[in-house]
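To keep things clear, I will list the structure first and then write my remarks on it.
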Amino acid sequence: MRQTRDSIIHAFLALLEEKPFQQITVRDIVERCGINRNTFYYHFQDIPSLLEQILVERIDRLIAEHCHLGSLDDCISVTVQYFIENRTAVLHVYRSLPRDVFLTHLDRLLLYLVTEYIENIAKTMPIAPDDRTLIIRYFKCTLVGIFLDWLDQGMEYDLQADSLRICQLWDDSGLQMLWNACAPEQ
């Protein structure tokens, strides 16, 4: 069972390297796998649910393996590298109909790593929960915007090189925001 499911996923990912998401059919996948349509539908409701499952699994693995407490730059670097290694498939998904699915999972990943980063550096600071949430949201939205700009530009500029510098700059501005949140209100 697991082998068939993995075969379906592998076939779908290979097809994503060849053509846009909206041009991939269940027939394409089952022909590539050598299985029948019923077997596909036993494992997945449809192609969008297949994509959703892949995104959930890949992001969960990325978080578990690379997004450790306080290591924002490592997690961003690994995420960018994964996107680069799967450039064609990532751009096909990003530019396709289920963009909201892609964005939901990108947002989830980036919220997780920004939250871990902020929580790690602010663990001993007396910051009001609303301020902490606001700072996390600010940095998450900034990071999502950076990724979306990079994707909109066809991943043409070197975000891998820029990510380390972005994290260095964030260390300074993030710490300053947190210290400002600790300041007594006037």
Side-chain angles (χ1 to χ4, degrees), residues 1-68 71-116 137 140-163 166:
M1 287 295 204
R2 179 74 180 176
Q3 186 177 8
T4 303
R5 182 184 177 285
D6 291 346
S7 178
I8 293 168
I9 290 171
H10 180 72
F12 175 71
L13 292 173
L15 287 163
L16 266 179
E17 290 291 334
E18 299 168 14
K19 55 186 171 180
F21 174 86
Q22 63 269 25
Q23 292 178 10
I24 298 173
T25 65
V26 171
R27 171 182 259 169
D28 294 334
I29 296 169
V30 299
E31 285 177 0
R32 178 80 51 113
C33 293
I35 60 172
N36 65 45
R37 291 177 70 82
N38 289 339
T39 302
F40 174 89
Y41 288 114
Y42 174 79
H43 292 281
F44 301 99
Q45 180 180 354
D46 52 21
I47 294 176
S49 70
L50 168 61
L51 175 61
E52 174 110 18
Q53 188 60 44
I54 291 169
L55 290 171
V56 167
E57 290 174 8
R58 298 291 155 105
I59 288 172
D60 287 348
R61 186 173 347 132
L62 181 70
I63 288 170
E65 293 175 4
H66 301 285
C67 298
H68 307 292
S71 62
L72 183 64
D73 53 339
D74 290 343
C75 191
I76 291 173
S77 180
V78 169
T79 302
V80 170
Q81 187 59 41
Y82 181 83
F83 278 39
I84 290 169
E85 290 170 1
N86 299 282
R87 184 179 191 276
T88 302
V90 167
L91 289 174
H92 279 157
V93 171
Y94 181 69
R95 294 174 175 157
S96 66
L97 259 25
R99 188 171 177 174
D100 60 325
V101 173
F102 181 87
L103 294 176
T104 296
H105 293 290
L106 177 65
D107 189 79
R108 180 174 70 91
L109 169 65
L110 299 178
L111 176 62
Y112 176 86
L113 64 107
V114 167
T115 300
E116 290 297 309
R137 187 178 312 124
K140 187 265 306 183
C141 290
T142 301
L143 194 52
V144 168
I146 290 167
F147 268 84
L148 293 180
D149 179 69
W150 182 55
L151 292 167
D152 286 340
Q153 300 300 317
M155 298 167 62
E156 291 298 322
Y157 60 87
D158 190 355
L159 186 58
Q160 186 71 17
D162 292 349
S163 67
I166 289 167

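The basis for the numbers below is simple: all heavy atoms, side chains too, and nothing from hydrogens, waters or symmetry mates. All residue numbers refer to positions in the sequence shown, counting from 1. Everything numeric in this text was worked out from a predicted model, so none of it was measured.
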Practice task
Step by step, work out the side-chain contact (heavy atoms from CB on, under 4.5 Å) result for R58 and L13.
Solution key: CA-CA 12 Å; R58 298 291 155 105; L13 292 173; 3.4 Å; yes
I need the [X] [atom1] to [Y] [atom2] distance, nearest 0.5 Å.
X	Y	atom1	atom2	result
L50	I24	CG	CD1	9.0 Å
F44	I9	CZ	CD1	4.0 Å
F147	F102	CZ	CZ	9.0 Å
L109	T79	CG	OG1	4.5 Å
D28	E18	CG	CD	9.0 Å
Y42	T4	OH	OG1	10.0 Å

Answer yes or no: is there a side-chain heavy-atom contact under 4.5 Å between [X] and [Y]?
X	Y	value
H43	I35	no
S96	P20	no
T88	M155	no
V80	D162	no
T39	V30	no
L91	R87	yes
Y82	I59	no
L148	L106	yes

Does atom [atom1] ([X]) have a neighbourhood of more than 12 heavy atoms from anything else shown, all under 6.0 Å?
X	atom1	value
Q45	CD	no
E85	CD	yes
Y157	OH	yes

Using modelled atom types and a 3.5 Å cut-off, is there a donor and acceptor pairing between side-chain atoms of [X] and backbone atoms of [Y]?
X	Y	result
D149	I146	no
T104	D100	yes
D158	A161	yes

If you compare all heavy atoms of [X] against all heavy atoms of [Y], which two are closest, and at what distance to 0.1 Å?
X	Y	result
I47	T25	CD1-C, 3.5 Å
F12	L51	CE2-CD1, 4.1 Å
L151	R95	O-NH2, 4.2 Å
S163	S77	OG-CA, 4.2 Å

Practice task
Take E52 and H105, measure what side-chain hydrogen bond (donor to acceptor under 3.5 Å, both in side chains) needs, and give me the verdict at the end.
Solution key: CA-CA 9 Å; E52 174 110 18; H105 293 290; 2.9 Å; yes
Practice task
Please work out whether the ring planes of W150 and F83 are parallel, tilted or perpendicular, with thresholds of 30° and 60°.
Solution key: parallel
Practice task
Before giving the answer on side-chain contact (heavy atoms from CB on, under 4.5 Å), spell out for R27 and R37 the whole-Å C-alpha distance, their side-chain angles and the decisive distance to 0.1 Å.
Solution key: CA-CA 7 Å; R27 171 182 259 169; R37 291 177 70 82; 4.2 Å; yes
